[in-house]
There are 2 protein chains.
Amino acid sequence: MASTPKTVPDIVIGRLPLYLRALTYLAAEGREITSSQELGDRLGISSAQIRKDLSHFGEFGKQGTGYEIQFLRQQLRRILHLDREWEVALVGAGDLGLALVHYGGFADKGFQIVVVFDRATQKIGKRLGELEIFDAEAMPTIIKDKRIEMAIIAVPAAEAQAVADVLVESGVRAILNYAPITLSVPPNVQVQYIDPIVYLQHMTYYLA
Amino acid sequence: MASTPKTVPDIVIGRLPLYLRALTYLAAEGREITSSQELGDRLGISSAQIRKDLSHFGEFGKQGTGYEIQFLRQQLRRILHLDREWEVALVGAGDLGLALVHYGGFADKGFQIVVVFDRATQKIGKRLGELEIFDAEAMPTIIKDKRIEMAIIAVPAAEAQAVADVLVESGVRAILNYAPITLSVPPNVQVQYIDPIVYLQHMTYYLA
DNA sequence: TAGATTGTTAATCGATTAACAATC
DNA sequence: TAGATTGTTAATCGATTAACAATC
């Protein structure tokens, strides 16, 4: 009777990038060693939770000492599959799209936006930052050709599901969706959502 | 012995804006009645969870029928304190800031960006969309004067904590932070985070 | 050695789900 | 009435925390 490989809870996976981010800042400060306590203080997370989370993947620390920052960084990068570069397609060449291609934070974190699509005729062929804007009609061809697996949706809500359908059909398996709508995708496709309204409305609950 | 007023779990509060968003789409489609089942299907949430979440606040449906969409919308807006308009300060007049002020989604959802700050001398006095860019030095004066309680941080990570400190000192009680860093704020101040890198890295875990 | 911190266990805490009586 | 769906309870499931032996 084969034992089911116990999967790591998704909520744990979601915290790993935060640990990685904190470790990167510590490294930039010239630090070499840290502790679950210090990481927790920086992130507002208990030290016990950090140790528990890491224990799903192995033993990365040393009793009495803590964690070697560069080593733990490398381990987290490996676990998250960041020991390679991921090419990302951007759909939507509006203001948000421009902010994303101008954002310097992607490159050194393992991601590169390599192609931009829009369906507006007057934008096609123009540039968004350094990148040429391609016709959305060309999405299947270009994405399949470049074997792109990740995409960012930055189009109006009304178009987002149709875009997602094409992306999935073209082989994309992970979508970061800025459109304020829940997408319907196959179970093997990852989706994460960013909707500032949802976050603002969450906070107003607590405002008198 | 006074009973402690049982607070509603924060994770429940976080879902209410999603319910509200889905109801708004249904209303736009001309629908008048919906069910926990239908809402759940649209959101990828179980119907039981939706009913349980709503039960924290009262009884909003009718057995055998479901929920009257406009009524439930109004109730959620009231619960989330969206039956008023919230003025929001934006700090950071870069590409992201521009995308935010151009974004049409805020106004009809209860939020209005009313002032923009930046510390770059060459930007001060210029416009970001319709709004004049003010000197970051003027934040305390203007925010206190306008009694602004919500702010969006769209500055580089290295400046975000200092900005947050000034915002809190000026009376802001809810911050939407786009800078990739965990902020340290008093417990009575709400913070929500948007960092696309964190979401992308979360998804790469699941990519082979 | 003394002090510190990990990795892990067990207990606690909290959230989700299943199920169904109530009732429209 | 028959069918449908809520609101709620109890059970299940899962996540967090506390505590400490191990050990650097």
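Worth knowing before you read on, the calculation uses all heavy atoms, side chains too, and leaves out hydrogens, waters and symmetry mates. Lettering follows sequence order; numbering is per chain, from 1.
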State whether the number of non-hydrogen atoms from other residues, nucleotides or ligands found under 6.0 Å of A:K146 atom NZ is greater than 12.
-> no
Atom CZ of B:F71 and atom C1' of D:dT6 are separated, to the nearest Å, by 14 Å
B:E130, CD atom: more than 12 neighbouring heavy atoms under 6.0 Å | no
With the side chain defined as heavy atoms from C-beta on, B:S55 is closest, among D:dT8, C:dA22, C:dA15, to D:dT8
According to a strict under-4.0 Å criterion, is B:R15 in side-chain N/O contact with OP1 or OP2 of C:dT16?
-> yes
Selection from C:dT5, C:dT23, C:dG7 that lies nearest to any side-chain heavy atom of A:Q63 | C:dT5
For C:dG7, does either OP1 or OP2 sit under 4.0 Å from a side-chain N or O belonging to A:R51?
-> no
Have a look at B:S47 and say if it touches a base, only the backbone sugar-phosphate, or nothing, with a 4.0 Å heavy-atom cut-off.
-> nothing
Given atom CZ of A:F57 and atom C1' of C:dT6, what is their separation to the nearest angstrom?
-> 17 Å
If we ignore angles and hydrogens, is there a donor and acceptor under 3.5 Å between the side chains of A:D53 and A:Y19?
-> yes
Does the side chain of B:R51 pick up a donor-acceptor pair with the side chain of B:S47 at under 3.5 Å?
-> yes
Given D:dA15, D:dG7, D:dT5, the nucleotide with the shortest approach to the side chain of B:Y67 | D:dG7
Pairing nucleotide - D:dA22, Watson-Crick or G-U, each distance under 3.5 Å | C:dT5
Length of the OH-P vector between A:Y19 and C:dT6, whole Å = 13 Å
Under-4.0 Å side-chain N/O to phosphate OP1/OP2 contact, A:T65 with D:dC24 | no
Relative to the 5' end of DNA chain D, which residue comes earlier, A:K62 or A:K52, by the nucleotide with the nearest heavy atom?
-> A:K52
In whole angstroms, the gap separating P of C:dT6 from NE2 of A:H56 amounts to 17 Å
Just wondering, do A:I45 and A:R15 contact through their side chains at under 4.5 Å, heavy atoms?
-> yes
Any B:S46 side-chain N or O less than 4.0 Å from OP1/OP2 of C:dT16 | no
Opposite nucleotide pairing with D:dA15, Watson-Crick or G-U, both atom distances under 3.5 Å | C:dT12
When rounded to whole Å, the CD to C1' distance for the pair A:E38 and C:dT6 reads 15 Å
Report the nucleotide, chosen from D:dT16, C:dA15, C:dA18, that has the shortest atom-to-atom distance to any side-chain atom of B:A48.
-> C:dA18
Calculate the interatomic distance between A:E59 atom CD and C:dT5 atom P; express it in whole Å.
-> 18 Å
Whole angstrom is fine here: how far is it from CD in B:E68 over to P in D:dT6?
-> 14 Å
Please state how far atom CD1 in B:I33 lies from atom P in D:dT6, giving the value in whole angstrom units.
-> 11 Å
